[in-house]
Amino acid sequence: MKQGEPEFMVLEYVTITKDPRTGLVVAIGGTERAADILQRTGGFLTAPGPRGDYHRFPDGLPAEQQRLKATAASHALLSGGHSVHLDPALNALATPNGDRDAALRYLAQLAERAGQATDDREVAEILTEVAAPAEGLLPLLREVLVHTWSSWSNRLNDAGHATSPTDQLMDLTGRLSQDTRQIEYLRNLAARPPSAGNSAAAGALPAPPASAPSRRR
């Protein structure tokens, strides 16, 4: 072991997770002391496994009770000096809007990066986040709108109502697709290094895609 590296006892590490195949909440790893904490504070049962004993919740425990007991057990283990990984889906203290809050923080950070961009490379990186074909913000937003249009349109059709509102939404979604391609084109301009002695760096790139006319008049 190199000097200054922390000591890490793998046997003392406990993972509390839900097995995707059986749906059981299990605790794997840990010492006898950890096993005592799991049984006393979480209500875990000892069960034999192919690589030694592990712990699991009793069958039929409601999902909310699973979360509460798993969270309580993980905190008791941490207080006892054990290293613990708790499956986020079992964390009863997780913020309900955690995913949305994370998305808002990401957008705020992206806006800050955009405001501080000092060269074309940084601009290209920002526009890639916005318009990348698979995971760019605008293509992902388009997927949301397409699914919204589909379910809304089907519901109106089934009820015998006019679908003109959903037609308008689909038109707007189509325009968003065109705008995304325009932004991707500008991203390519920003990412292309300028040619020596040629300030018209965009000259060799294909022309930007033409915007399709709207179906609505």
Side-chain angles (χ1 to χ4, degrees), residues 2-6 8 13 15 17 20 67 71 74 78 83-153 163-217:
K2 295 180 181 179
Q3 186 176 4
E5 288 188 353
F8 183 70
Y13 193 93
T15 297
T17 188
R67 295 176 68 237
T71 301
S74 70
L78 289 170
S83 298
V84 183
H85 168 73
L86 175 64
D87 188 331
L90 294 171
N91 189 352
L93 301 180
T95 305
N97 292 325
D99 290 343
R100 184 175 185 275
D101 291 342
L104 292 176
R105 286 194 300 272
Y106 164 71
L107 290 173
Q109 292 166 3
L110 190 62
E112 183 177 0
R113 285 175 54 197
Q116 296 176 352
T118 58
D119 57 34
D120 287 355
R121 178 187 59 80
E122 293 179 352
V123 170
E125 290 174 355
I126 298 297
L127 295 182
T128 299
E129 295 287 330
V130 172
E135 296 185 354
L137 293 172
L138 292 180
L140 292 175
L141 175 59
R142 179 186 178 278
E143 287 301 305
V144 173
L145 294 175
V146 167
H147 286 292
T148 302
W149 164 81
S150 178
S151 61
W152 190 15
S153 180
T163 60
S164 55
T166 64
D167 293 340
Q168 294 179 42
L169 179 61
M170 201 58 208
D171 278 347
L172 293 171
T173 304
R175 294 180 206 168
L176 178 61
S177 297
Q178 291 289 335
D179 290 342
T180 301
R181 286 192 286 273
Q182 294 277 349
I183 293 173
E184 187 180 5
Y185 169 80
L186 296 175
R187 177 262 172 204
N188 292 339
L189 290 183
R192 184 171 183 261
S195 302
N198 180 14
S199 60
L205 286 177
S211 298
S214 171
R215 293 181 299 167
R216 294 174 62 234
R217 293 288 184 266

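We count residues from 1, following the sequence as given. Side chains included, hydrogens not; waters and symmetry mates left out as well; all remaining heavy atoms used.
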[X] and [Y]: which non-hydrogen atoms are nearest, and at how many Å?
{"X": "Val123", "Y": "Ala190", "result": "CG1-CB, 4.1 Å"}
{"X": "Trp149", "Y": "Thr166", "result": "CD1-O, 3.0 Å"}
{"X": "Glu184", "Y": "Pro133", "result": "OE2-CG, 3.4 Å"}
{"X": "Pro139", "Y": "Ala132", "result": "CG-O, 3.1 Å"}

For the side chain to side chain contact (heavy atoms under 4.5 Å, CB included) test, which of Leu86, Asn91, Leu90 pairs with Ser74? Leu86
[Y] side chain reached by [X] side chain, heavy atoms, under 4.5 Å:
{"X": "Leu110", "Y": "Leu137", "answer": "yes"}
{"X": "Gln178", "Y": "Arg181", "answer": "yes"}
{"X": "Ile183", "Y": "Leu138", "answer": "yes"}

Can any side-chain N or O of [X] pair as donor or acceptor with the backbone N or O of [Y] at less than 3.5 Å?
{"X": "Ser150", "Y": "Val146", "value": "no"}
{"X": "Thr71", "Y": "Ala92", "value": "yes"}
{"X": "Glu112", "Y": "Ala108", "value": "no"}

For Ala89, the side chain to side chain contact (heavy atoms under 4.5 Å, CB included) test, sequence neighbours excluded, returns Asp87
side-chain hydrogen bond (donor to acceptor under 3.5 Å, both in side chains) partners of residues 125-146, not counting sequence neighbours, each pair once: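 Only Tyr106-Glu129, Arg121-Glu125, Thr128-Arg187, Arg142-Ser177 qualify under side-chain hydrogen bond (donor to acceptor under 3.5 Å, both in side chains).
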Nearest 0.5 Å, please: how far is CG in Asp167 from CG in Leu172? 11.0 Å
Quick check for you: to the nearest 0.5 Å, what is the distance between Ile126 atom CD1 and Gln116 atom CD? 9.5 Å
Apply side chain to side chain contact (heavy atoms under 4.5 Å, CB included) to residues Leu145 and Leu176 and explain how you reach the verdict. CA-CA 10 Å; Leu145 294 175; Leu176 178 61; 3.9 Å; yes
